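In what follows, a single structure is set out as structure tokens and then discussed.
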Amino acid sequence: MCDTCGCNVTHGNAHLVTDNGKLARTEDGKSAITVLKNLLTENDHQAAHNRQHFDQQSILAINLMSSPGAGKTALLEATIDALGDEFSIAVIEGDLETENDAQRIRDKGVPALQITTGSACHLDAHMVHDALHHMDLKGIDILFIENVGNLVCPASFDLGQHRNITLLSVTEGDDKPAKYPVMFRAADLVLLTKSDLLDVLDDFVPEKAEKYLRQLASEASVLQLAARRNIDIDSWLDWLRNEVKDQRKRVEKKLTLRPAIQPEGSILQGDHSHDHHHAHIHTHSKSHSHT
Amino acid sequence: MHELSICQALIGQVEDLARDNQAVAVRTIWLKVGPLSGAEIPLLEHAYPLAAAGTVAESAELFIEPMAVRVRCKICGVESEASANRLLCGECGNYHTELVSGDEMILTRVEFDT
């Protein structure tokens with residue numbers, strides 16, 4: 001897959017920071033350099049490459065995030081049952097251990113690649129890129145990336161997806177968006193899962209969950225469904241159909257899309273521009289206020 | 001504990017800067033980190049020595065400037081301070097705001113001996 005853009009040359013050479021000018025000399029003989037560079041620049045750069053691959057092959061890439069056990073794999077199973085004839089689907093599964101989730105997807109006749117992260121609590125763009133090398137993405141319409149179950153770390157790492165979906169099961173607290181603002185701010189769509197249990201759970205109020213989400217300045221849609229019983233999944237399927245349509249239109253126009261919340265790196269350096277030589281030298285000032 | 005991954009990425013960048021500038025030792029590193037970056041400052045401070053061990057930045061001091069969460073209202077245009085999980089306009093209370101600061105995770109400055 002990398003014969004077109006050459007991104008497998010090495011990601012280690014992607015961060016050419018300082019080849020401009022000479023160093024400023026500080027009063028005490030030290031050299032100082034002003035950088036203004038996102039800490040995850042290398043990840044963001046790899047993510048941009050991944051996105052480029054998806055766009056070249058007209059694939060819609062979706063990152064699924066939630067706490068463990070919120071129903072990400074069950075959602076995929078129901079989605080494959082419903083749309084398997086309509087779209088060609090592939091799945092990347094992220095878990096600390098086991099092939100179990102990938103096997104569940106394969107049992108549905110859909111290609112799935114399991115990334116076992118060991119003790120790492122999130123997927124990053126390099127892990128996804130490595131996985132792509134082991135997959136045949138030809139003819140795929142939708143690639144789901146099921147992130148490691150975790151409401152904290154996955155939100156910080158762009159994988160190259162077009163959309164983020166955060167699942168919140170009604171067996172959790174309806175104040176989760178307030179407790180995990182970074183995660184829920186990153187969502188383009190929030191799915192309240194296991195909604196068939198609302199009847200027996202009197203402490204989860206969907207409207208409250210949505211209120212907390214709005215307080216994060218999020219305009220993301222909120223849908224309820226119960227994937228294992230196929231209840232109310234039509235709105236979700238329609239959302240997905242629209243996204244596939246939109247992705248094809250973007251590809252025709254040679255446009256791309258990042259999830260709603262863009263990492264700081266993209267603001268500093270722009271996507272795909274390969275222009276990240278932002279380091280510039282400043283004279284040392286002793287009166288900085290960083291301490 | 002993705003702060004360790006972040007510190008490893010930071011050290012990678014600092015090592016490149018040091019190499020490109022023929023530095024023999026990195027003295028200080030300055031970051032700006034906001035609460036909506038997803039990284040916790042105390043955890044970054046704990047993880048940093050682990051990532052820096054054995055590198056050119058091993059004895060460097062890490063300074064992290066915490067950034068405040070600020071939003072600008074898309075309705076009334078006022079900029080105000082907010083908290084990480086209540087990004088509402090401080091003036092009119094509307095949720096249609098955009099983040100002005102608070103999600104930074106930036107390496108701003110490095111000092112070294114050459």
Side-chain angles (χ1 to χ4, degrees), chain A residues 12 15-19 22-23 25-26 29-43 119-122 124 150 152-157 175 177-186 211-219 261-265 268 279 282 284 288-291, chain B residues 1-7 9-10 12-14 16-23 25 27-40 44 61 63-65 69 71 73-74 82-89 94-99 103-114:
Chain A
H15 37 153
L16 309 161
V17 190
T18 56
D19 48 0
K22 60 180 169 52
L23 283 172
R25 200 45 68 177
T26 65
K30 286 199 290 250
S31 301
I33 185 159
T34 301
V35 189
L36 290 185
K37 199 169 169 225
N38 184 278
L39 296 189
L40 294 175
T41 293
E42 196 175 326
N43 181 77
S119 59
C121 48
H122 59 272
D124 66 26
N150 176 347
V152 184
C153 313
S156 295
F157 294 84
D175 59 350
K179 287 179 173 167
Y180 299 90
V182 179
M183 170 60 68
F184 282 90
R185 253 187 98 235
K211 186 190 84 183
Y212 285 122
L213 181 70
R214 298 294 165 242
Q215 290 181 353
L216 304 177
S218 167
E219 297 180 34
I261 300 300
Q262 307 203 345
E264 186 75 21
L268 289 173
H282 280 230
H284 181 76
H288 49 73
S289 56
H290 299 281
T291 50
Chain B
M1 188 62 182
H2 65 301
E3 280 79 2
L4 182 58
S5 308
I6 293 168
C7 282
L10 164 67
Q13 290 187 16
V14 170
D16 290 343
L17 286 168
R19 187 168 48 245
D20 292 348
N21 294 290
Q22 286 95 44
R27 290 289 169 211
T28 48
I29 298 171
W30 279 275
L31 310 181
K32 286 188 181 189
V33 175
L36 286 169
S37 69
E40 286 297 315
L44 285 173
E61 261 189 291
F63 295 110
I64 304 179
E65 181 185 359
V69 177
V71 296
C73 183
K74 292 181 190 169
S83 65
N85 62 5
R86 268 179 80 85
L87 302 173
L88 307 178
C89 173
N94 202 287
Y95 78 87
H96 291 99
T97 61
E98 56 188 2
L99 201 69
D103 63 347
E104 299 85 351
M105 186 161 59
I106 309 172
L107 171 62
T108 54
R109 186 180 175 87
V110 178
E111 281 186 4
F112 31 65
D113 294 334
T114 50

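For clarity, every value in this text was computed on a predicted model and none was experimentally measured. Per chain, numbering begins at 1; letters A, B, ... match sequence-line order.
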Atom pair CG (A/Leu40) and CD1 (B/Ile106), whose distance is rounded to the nearest 0.5 Å: 11.5 Å

Considering only heavy atoms, which portion of A/Ser218 lies under 4.5 Å from any heavy atom of chain B: side chain, backbone, both, or neither? backbone

CD on B/Glu3 to SG on A/Cys121, rounded to 0.5 Å: 8.0 Å

How close do B/Ala84 and A/Leu216 get, counting heavy atoms only, and between which atoms? O-CD2, 3.8 Å

Residue part contacting chain A, namely of B/Ser37, when any heavy atom lies under 4.5 Å: backbone

Short side-chain to backbone donor-acceptor contact, B/Gln13 and A/Glu42, under 3.5 Å: no

Approximate separation, where rounding is to 0.5 Å, of A/Leu36 CG and B/Glu104 CD: 11.0 Å

List in chain and number order the residues that pass side-chain hydrogen bond (donor to acceptor under 3.5 Å, both in side chains) with A/Glu219, two or more places apart in sequence or in another chain; answer none if no residue qualifies. none

Please give me the minimum heavy-atom distance between A/Val182 and B/Pro35, naming the atom from each residue. CG2-O, 3.9 Å

Non-hydrogen atoms of chain A under 4.5 Å away: do they reach the side chain of B/Arg86, the backbone, both or neither? both

Check each of A/Val35, A/Thr34, A/Ile33 against B/Leu107 using the side-chain contact (heavy atoms from CB on, under 4.5 Å) test, and report the only one that passes. A/Val35

Between A/Ser156 and B/Gly38, which heavy-atom pair has the shortest distance, and what is it? OG-CA, 3.8 Å

Is there a side chain to side chain contact (heavy atoms under 4.5 Å, CB included) between B/Leu87 and A/Arg185? Walk through the geometry before answering. CA-CA 10 Å; B/Leu87 302 173; A/Arg185 253 187 98 235; 3.6 Å; yes

A/Lys179: salt bridge (Lys or Arg N to Asp or Glu O under 4.0 Å) partners, not counting sequence neighbours: A/Asp175

Side chain, backbone, both or neither of A/Phe157 within contact of chain B (heavy atoms, under 4.5 Å): side chain

Apply side chain to side chain contact (heavy atoms under 4.5 Å, CB included) to B/Asn85 and A/Gln215, showing your working. CA-CA 7 Å; B/Asn85 62 5; A/Gln215 290 181 353; over 6 Å; no

State the CG-SG distance between B/Leu4 and A/Cys153, to the nearest 0.5 angstrom. 11.0 Å

A/Ala155 versus chain B, heavy atoms under 4.5 Å apart: side chain, backbone, both or neither? neither

